Amino acid sequence: MARRRKRSLKEAADLYLSLPVADRRRWNKIARRHVDPEDVDNQMAMIIGLVEAATKGDARAAKVIVDLLGDTPSEDGGGVQIIDDL
């Protein structure tokens, strides 16, 4: 039962994130960033929020983005390095 519930929570999250942004001001703000209208959904709004936070110096937001992209630092010192002082 717990596994089934978790699966349905994931499905619900996937569904909600794929829905269009309901708030017109937020939709317009995203569209002004040259995002195709069909791509203006809750997932895109979340990614934009993470990028904005990361560019303002939020190390946790930057780490989430790096993790999403799969760009982890390599042992030879190359790649992206995230310093988490928080």
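Bear in mind that the values here come from a model prediction, so they are computed numbers and not experimental data.
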* Structure fact -> Rounded to the nearest 0.5 angstrom, the CG-NZ distance for Leu15 and Lys10 is 12.0 Å
* Structure fact -> Scanning both residues in full, the closest heavy-atom pair of Ala61 with Ala53 reads CB-CB, 3.8 Å
* To do: Output, in order, the C-alpha distance, side-chain angles, deciding distance and verdict of side chain to side chain contact (heavy atoms under 4.5 Å, CB included) for Val64 and Arg60.
  => CA-CA 6 Å; Val64 169; Arg60 289 182 181 163; 5.7 Å; no
* Which distance, rounded to the nearest 0.5 Å, do you find between the CE of Met46 and the CG of Asp41? -> 9.5 Å
* Structure fact -> Interatomic distance, CE@Met44 vs CD1@Ile30, rounded to 0.5 Å, equals 8.0 Å
* Asked: Taking a hydrophobic cluster as the set of Ile, Leu, Val, Met, Phe, Trp and Tyr residues connected by side-chain heavy atoms closer than 4.5 Å, whether directly or through intermediates, do Ile65 and Ile47 fall within one such cluster?
  -> yes
* What is the distance from atom CH2 of Trp27 to atom CZ of Arg32, rounded to the nearest 0.5 Å? -> 10.5 Å
* Following the transitive rule for hydrophobic clusters with a side-chain heavy-atom cut-off under 4.5 Å over Ile, Leu, Val, Met, Phe, Trp and Tyr, establish whether Leu50 and Leu69 coincide in one cluster. => yes
* Nearest-0.5 Å distance, CZ of residue Arg33 to CG of residue Asp39 -> 15.0 Å
* Shortest non-hydrogen contact between Pro20 and Asn42, atoms and distance -> O-ND2, 4.1 Å
